[in-house]
Amino acid sequence: MQDIRFVPATSFKKKPEDPAKMGFGKLFTDYMFVMDYETGKGWHDARIEPYQNFQMDPATAVLHYGQAIFEGLKAYRRDDGGIQLFRPQANFARMNRSAERMAIPKFDEEVALKGLLKLVEIEKDWVPAGKGTSLYIRPTIIATDPFLGVHASHTYRFFIIVSPSGAYYTSGLAPVNIYVEDNYVRAVRGGVGFAKAAGNYAASLRAAEIAAEKGYTQVLWLDGVEQKYVEEVGAMNMMFVIDGKVVTPMLNGSILPGITRDSILTLSRHLGYEAEERRLSIEEVFAAARAGKLDEAFGTGTAAVVSPVGKLCWKGECVGISGGKIGPITRKLYDTLTGMQYGDLPDEFGWIVRID
Ligand SMILES: *Cc1c(COP(=O)(O)O)cnc(C)c1O
């Protein structure tokens, strides 16, 4: 395995004092992990170096054709002062699946994990303490050929930057209002929906803006073919509690296979709930709501962990869920998962990688 070079910084930033004011994704630390790819040479020169700007030719491939993928995970501070990561291997495995779809050369997941552990170890003083706070980790790969021809780049850069983040919820788990999008779609069968590709986000922004103008927090996407089946929400997978059962759309190639989704399914079964992955039509969700059988609904994703849905609107019809409060199953799953992530509950599934 390649060694990881270390380039020391000569100046250091001031660390934020008040975690409540850190927000999300605005502050970055003193160092980053970087490695480069070149056809013939493979991935090489893995290093930790001072956080700094990249120099780019205006013709750089990623700027024109969007050959870019990313990941999102977090480092958590335990009460004993130690630091831990949640399922980082799953993020790098998914990143390689995204890479393959986007014609980006695969990287060695062990080198990436080793680089990440070393980066977090070096930056450990940047990991905030306090429930809900974390060091957000953003691995990314971009195509770097300075060339306007339309083909896969011959050179790439892999980098990991880290960002101290405040609690996602400043006033408890507030339920969100969701607009079921019946015009735009996010992804289609055979497309790149399952990949964490940068362009998926660009494609989703307009619908999110329109929904926000109407007072909704998020857009729920339906399938790209018939606009009949539930896919997911913004940057979260969707779960419903219908008649006591946890139900989520099955992975079909256009849904992003969330690591939180997978963890919540495992935990649901472990806690004794029935959990189903299957095709779920929006009509079924609304029929359940009209019949008083839609007990709870929530999104799952690394950023919010679990985000309860208070209201769902589709083609002019709105249904309230759980009386606009967080439901008991949602609450239990949230408390159990965050308990494991912060080290307050035992790691029963081998999900935790401790840094110290
Ligand atoms: C990242 C992401 C998710 C959530 O995935 P996690 O691994 O749980 O963070 C869900 N949907 C989309 C579109 C995403 O990009």
Side-chain angles (χ1 to χ4, degrees), residues 24-25 66 68-76 85-99 101-102 109 116 134-141 160 163 165 168 176 178 181 184-189 191-208 211 217-224 229-240 246 248-268 275 277 280 297-307 309 330 333-334 336-338 340-341 349 351-353:
F24 172 78
I69 56 175
F70 67 95
E71 273 301 324
L73 67 158
K74 290 171 171 176
Y76 305 87
L85 302 175
F86 184 72
R87 306 185 69 181
Q89 301 91 338
N91 288 92
F92 290 128
R94 181 171 68 190
M95 197 174 194
N96 259 337
R97 293 198 301 273
S98 300
R101 179 63 183 84
M102 303 303 286
E109 291 164 28
L116 172 59
S134 60
L135 185 71
Y136 184 76
I137 299 164
R138 171 53 58 89
T140 307
I141 302 178
I160 304 176
S163 170
S165 299
Y168 194 88
V176 296
I178 289 193
E181 178 60 54
Y184 298 107
V185 297
R186 188 192 88 95
V188 292
R189 208 162 53 212
V192 300
F194 70 88
K196 230 168 159 70
N200 284 339
Y201 281 79
S204 75
L205 300 178
R206 185 64 190 129
T217 327
Q218 296 268 2
V219 168
L220 185 149
W221 300 104
L222 299 177
D223 72 279
Y229 298 97
V230 174
E231 296 248 304
E232 59 180 310
V233 172
M236 289 190 289
N237 295 109
M238 257 327 280
M239 306 248 169
F240 300 88
V246 177
T248 194
M250 64 193 232
L251 300 177
N252 60 357
S254 55
I255 294 175
L256 197 290
I259 294 159
T260 319
R261 171 190 182 279
D262 182 75
S263 309
I264 287 284
L265 284 172
T266 301
L267 278 184
S268 297
E277 296 173 76
L280 177 66
F298 56 97
T300 68
T302 297
V305 187
V306 159
S307 191
V309 177
T330 311
L333 290 166
Y334 175 80
T336 311
L337 186 53
T338 53
M340 288 183 184
Q341 289 170 333
F349 306 101
W351 284 342
I352 299 300
V353 174

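Just follow the structure's listing: the first ligand is 1, and inside any ligand the first atom is 1. The analysis underlying the following values was restricted to heavy atoms, covering all of them including side chains, and did not include hydrogens, waters or symmetry mates. Note that this is a predicted model, so its numbers are computed, not measured.
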For the residue pair N237 / E231, report whether a side-chain donor-acceptor contact shorter than 3.5 Å exists.
no
Using the test side-chain contact (heavy atoms from CB on, under 4.5 Å), find all partners of R138 that sit at least two apart in sequence or belong to another chain.
F70, Y136, T140, I161
Looking at NZ of K196 and CG of N91, how far apart are the two atoms once the value is rounded to the nearest 0.5 Å?
8.5 Å
What residues come within 4.0 Å of ligand 1, counting heavy atoms only?
R94, R186, K196, Y201, E232, G234, A235, M236, N237, L256, G258, I259, T260, G301, T302
If the condition is ring-ring contact (aromatic ring centres under 6.0 Å, His included), which residues does F194 pass it with, not counting sequence neighbours?
none
What pairs with E232 under salt bridge (Lys or Arg N to Asp or Glu O under 4.0 Å), at least two apart in sequence or on another chain?
R186
Between R87 and D262 (salt bridge meaning N to carboxylate O under 4.0 Å), is one present in this structure?
yes
